[in-house]
2 protein chains.
Amino acid sequence: MASRVAVGGTRSGTTEQLRRANLSRVLELLHQHGPTPRSELTRVVGISRSTMAGIVADLEELGLAAETEPASTTRAGRPSGLVSPADDVVAISVNPEVDAVHIGLVGFGGNVIKHARIETPDTRLPSVVGLAAATIRGMLADDPPRYRVLGIGLAIPGQVRISDGVVRQATHLGWTEEPITDLFAAATGLRAWAANAATLAMRAESQFGAGRGLRDLVYLIGGASGIGGGVILDGRLLTGSGGYAGEFGHTVVRPGGVACHCGGWGCLEAEVDQATLLEAVGLTAAEAGLLADRLTTSEDPAVAALVEEKSALLGIAVRNALNILNPEAVVLSGFLSALHRASARDLTEASVASSRENVEVRDAALGVEQLMIGAAELVFGELLRDPAGFLPAS
Amino acid sequence: MASRVAVGGTRSGTTEQLRRANLSRVLELLHQHGPTPRSELTRVVGISRSTMAGIVADLEELGLAAETEPASTTRAGRPSGLVSPADDVVAISVNPEVDAVHIGLVGFGGNVIKHARIETPDTRLPSVVGLAAATIRGMLADDPPRYRVLGIGLAIPGQVRISDGVVRQATHLGWTEEPITDLFAAATGLRAWAANAATLAMRAESQFGAGRGLRDLVYLIGGASGIGGGVILDGRLLTGSGGYAGEFGHTVVRPGGVACHCGGWGCLEAEVDQATLLEAVGLTAAEAGLLADRLTTSEDPAVAALVEEKSALLGIAVRNALNILNPEAVVLSGFLSALHRASARDLTEASVASSRENVEVRDAALGVEQLMIGAAELVFGELLRDPAGFLPAS
DNA sequence: GCCTTTTGTTCGCGTAGGGAACAAAAGGGC
DNA sequence: GCCCTTTTGTTCCCTACGCGAACAAAAGGC
């Protein structure tokens with residue numbers, strides 16, 4: 001109903017912002033829905049045919065879209081050209097883990113073109129940067145160059161200050177106050193952006209996964225190191241005043257309960273953790289992928305009781321989130337998804353009736369490519385915000 | 001940094017939206033900051049002097065602003081005309097309570113021009129509408145007419161469906177599924193909008209009270225009928241997918257605790273209620289205004305213990321809100337403010353460190369006019385969204 | 001009294017988008 | 001197979017908006 005018009009740069013030219021905003025709008029549609037007939041773009045955006053002609057021409061000139069011959073038609077009337085996002089424009093995704101680095105090449109629409117997992121025991125930052133830079137060079141070593149690279153998106157398991165791309169703390173990797181985007185930029189000559197991995201996982205699910213098409217979404221992800229999450233409201237990522245919103249891991253689910261490393265007691269993260277569940281079914285940390293299956297098939301009554309107890313606690317956190325945020329869906333990922341699938345409990349029960357209407361609890365839909373897509377979204381998001389302003393600088 | 005350009009109506013004319021957006025922007029500044037020199041408007045909005053001249057001229061022509069003689073100058077240079085919001089443009093506020101109806105006349109900037117409290121034991125809707133309509137006629141009975149009335153804003157103690165202004169349920173007044181805005185429109189010939197009273201109280205505090213100037217805000221209000229609240233994120237009211245976000249009253253603060261009418265157990269609203277506090281210090285419901293004073297001055301150790309217990313429970317709800325939303329401030333109103341002032345407890349304690357940084361707990365700043373201002377904001381909000389589009393129809 | 005500073009005003013320019021008229025490309029009926 | 005209808009692309013002109021330059025106006029300072 002209402003569209004948003006983002007201001008391009010600091011540049012003046014308010015009439016110019018119109019074109020920038022329209023370029024952004026159209027490219028966003030292509031990114032989200034893939035190849036689309038020009039006539040449909042015209043309808044959806046609600047501008048005149050002549051204007052849309054100019055916009056598509058601009059996008060073609062920028063090399064961001066291509067108009068191909070009309071697809072097979074079904075109705076009468078002159079067929080409309082199919083506008084597709086450029087297939088040679090890519091973002092590079094990097095996700096450092098404790099024992100490996102994931103590196104990917106992702107195009108428009110969350111299309112993962114390449115995905116490599118490079119094992120390494122060395123998590124020191126210079127080493128990781130070097131390894132990643134070499135891998136990236138390898139991926140792009142076509143002659144003539146096959147891809148136009150927009151930049152690098154980094155999914156970091158830790159706190160990241162978005163404004164300048166500095167890793168404040170990534171405990172598992174032993175990084176503190178590292179200007180990681182600058183390091184990657186220097187090593188590769190590409191622009192780089194970084195954000196928290198859980199946030200990016202949500203972003204991926206929201207755009208192309210379980211949250212596709214939803215405007216209001218709560219995301220909860222459970223991993224070895226705790227519980228993270230994020231919130232999308234009215235189609236936009238909730239950041240909070242300091243950028244630290246979405247800490248569902250520290251929702252109180254049992255006042256006076258287990259002490260949490262945050263200094264509180266009874267936090268969701270302290271009360272419901274992956275290690276306890278793994279132990280109950282005899283799995284190691286590396287086998288976390290099998291958790292859902294084991295929890296479901298186990299015939300041990302102790303396991304059933306544990307699932308029941310933990311999912312009740314998760315239910316309290318979900319309930320609070322529903323009452324406060326009234327989203328369309330709650331998406332569970334990681335071991336929380338396993339817990340949810342193993343339990344018969346309706347996690348929305350006992351929420352205020354009006355907030356339960358039409359709420360759905362879903363499991364994450366994107367598999368191992370979740371983070372590659374999320375990290376790439378970080379880069380594509382920059383492009384989509386102002387397509388004409390993004391490119392000339394690269 | 002980023003300005004928002006709102007789409008006017010369904011009307012086309014994308015270049016026209018620019019002017020509409022700029023009119024909106026400038027009028028919003030006048031509404032929020034009062035009379036402002038034109039040169040300052042030019043600086044703040046960041047457009048050229050010539051454009052601002054046209055915008056101010058448009059606003060004057062619409063009768064929404066007036067440019068007066070230069071104020072007393074202090075620096076060199078040609079003095080800039082002072083642009084003021086029109087002082088004859090008003091919204092009418094209506095707030096039905098169980099034993100009375102509040103009716104007000106409010107101008108730009110939350111300026112309450114008139115405020116009447118009409119006692120009535122009859123809460124049946126037709127009776128309330130009739131009473132209000134008569135009072136409104138009386139307030140506007142100047143000849144020639146003194147005010148230009150934008151419309152009526154209704155602050156309802158109950159659930160309201162914003163989209164069509166239907167009261168879904170107002171238990172205390174005994175209303176169910178009432179098309180209240182239509183009824184008021186028919187009775188007065190004015191346009192009407194309705195919303196939940198707690199939401200409007202927050203809106204008032206956010207614009208002109210304790211939350212003035214803040215972009216991220218959590219609001220909690222405690223009244224005789226329970227605990228309500230709302231959230232402002234990135235300067236915008238959080239509505240949720242169904243419009244029922246902000247139900248802090250049903251945050252779980254003691255799992256398995258007191259049964260709540262919502263069907264759950266241990267909700268904040270069930271665990272912390274006004275009646276219990278009033279009883280402890282020997283006040284009646286009508287004397288709720290004295291609560292903060294009595295709680296503070298009481299020397300009864302039982303009262304102190306009660307305050308301690310209840311504020312600890314409130315703290316859990318606040319903590320959850322902080323972790324999930326990371327706001328700049330939490331504003332407490334009604335008896336929650338009384339409880340907060342009587343307690344020495346830091347309500348932000350035990351939140352995740354990063355979410356506590358720079359968070360402030362404040363008490364509501366607007367007094368009895370809070371709801372009059374909030375209800376008027378409902379109407380002014382419509383005007384400000386698209387000044388040129390709003391007026392011609394009225 | 002003149003200079004500087006700041007702001008309002010006027011005028012012409014560039015750009016974006018709308019709309020009408022026409023052209024093009026498909027299907028459908030006879 | 002031809003003509004009509006439908007839908008869309010294209011071209012051209014018009015309008016609205018905002019910018020910027022040049023000039024005018026109104027204040028303070030020396």
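In what follows, chains are A, B, ... by sequence order, proteins preceding strands, each numbered from 1. The figures that follow rest on heavy atoms only: side chains count, while hydrogens, waters and symmetry mates do not.
- Following rounding to the nearest Å, A:L82 (CG) and D:dT8 (P) show an atom-to-atom distance of 14 Å.
- Listed by chain and number, the residues in a side-chain contact (heavy atoms from CB on, under 4.5 Å) with A:L384 are A:L27, A:E28, A:H31 (sequence neighbours excluded).
- Between A:N22 and C:dG17 there is a side-chain polar atom (N or O) within less than 4.0 angstrom of OP1 or OP2.
- Nearest to the side chain of B:I47, among C:dA16, C:dG18, D:dC19, sits D:dC19.
- Mapping B:A76 and A:S50 onto DNA chain C via the closest heavy atom, the residue that lands nearer the 5' end is B:A76.
- Nucleotide C:dG17 holds its C1' atom 10 Å from the CG atom of B:L18, rounded to whole Å.
- As rounded to whole Å, 11 Å separates atom C1' of C:dA23 from atom CZ of A:R49.
- Between A:M52 atom CE and D:dT8 atom P there is a gap of 13 Å when expressed in whole angstrom units.
- Partners of B:T51 under the side-chain hydrogen bond (donor to acceptor under 3.5 Å, both in side chains) rule, at least two apart in sequence or in another chain, are B:S48.
- Rounded to whole Å, the distance from CD on B:E69 to P on D:dA25 is 16 Å.
- Between B:S80 and C:dG8 there is a side-chain N or O to OP1 or OP2 distance below 4.0 Å.
- The interatomic distance linking B:E16 (CD) with C:dA16 (P) rounds to 18 Å, in whole Å.
- Partners of A:A376 under the side-chain contact (heavy atoms from CB on, under 4.5 Å) rule, at least two apart in sequence or in another chain, are A:A91, A:S93, A:V106, A:F380.
- For C:dG18, one of the phosphate oxygens OP1 or OP2 lies less than 4.0 angstrom from a side-chain nitrogen or oxygen of A:T51.
- Annotation: salt bridge (charged side-chain N to carboxylate O under 4.0 Å, His left out) contacts involving residues 40-52 of chain B, sequence neighbours excluded, are absent.
- Shortest non-hydrogen contact noted between A:R212 and A:Q32 is NH2-O, 2.9 Å.
- Protein atom CZ of A:R19 is 16 Å distant from nucleotide atom P of C:dG14, rounded to whole Å.
- Rounded to a whole Å, the CZ atom of A:R78 is 8 Å from the P atom of C:dA24.
- For B:D142, there are no side-chain hydrogen bond (donor to acceptor under 3.5 Å, both in side chains) partners two or more places apart in sequence or in a different chain.
- Residue A:S48 has a polar side-chain atom (N or O) positioned under 4.0 Å from OP1 or OP2 of C:dG18.
- Residues satisfying the side-chain contact (heavy atoms from CB on, under 4.5 Å) test with A:A365, not counting sequence neighbours, are A:E205, A:A210.
- Recorded end-axis angle for the helix from C:dG1-D:dC30 to C:dC30-D:dG1 stands at 0°, based on five pairs per end and rounded to 10 degrees.
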A:R215 and A:E328: salt bridge (Lys or Arg N to Asp or Glu O under 4.0 Å), yes or no, with the steps? CA-CA 8 Å; A:R215 296 188 63 72; A:E328 291 166 273; over 6 Å; no

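- Scored by the side-chain contact (heavy atoms from CB on, under 4.5 Å) test, A:D88 finds A:A86, A:R148 as partners (sequence neighbours excluded).
- Contacts between residues 35-45 of chain B and DNA chain C, defined by a heavy-atom separation below 4.0 Å, involve B:R38, B:S39, B:R43, listed by number.
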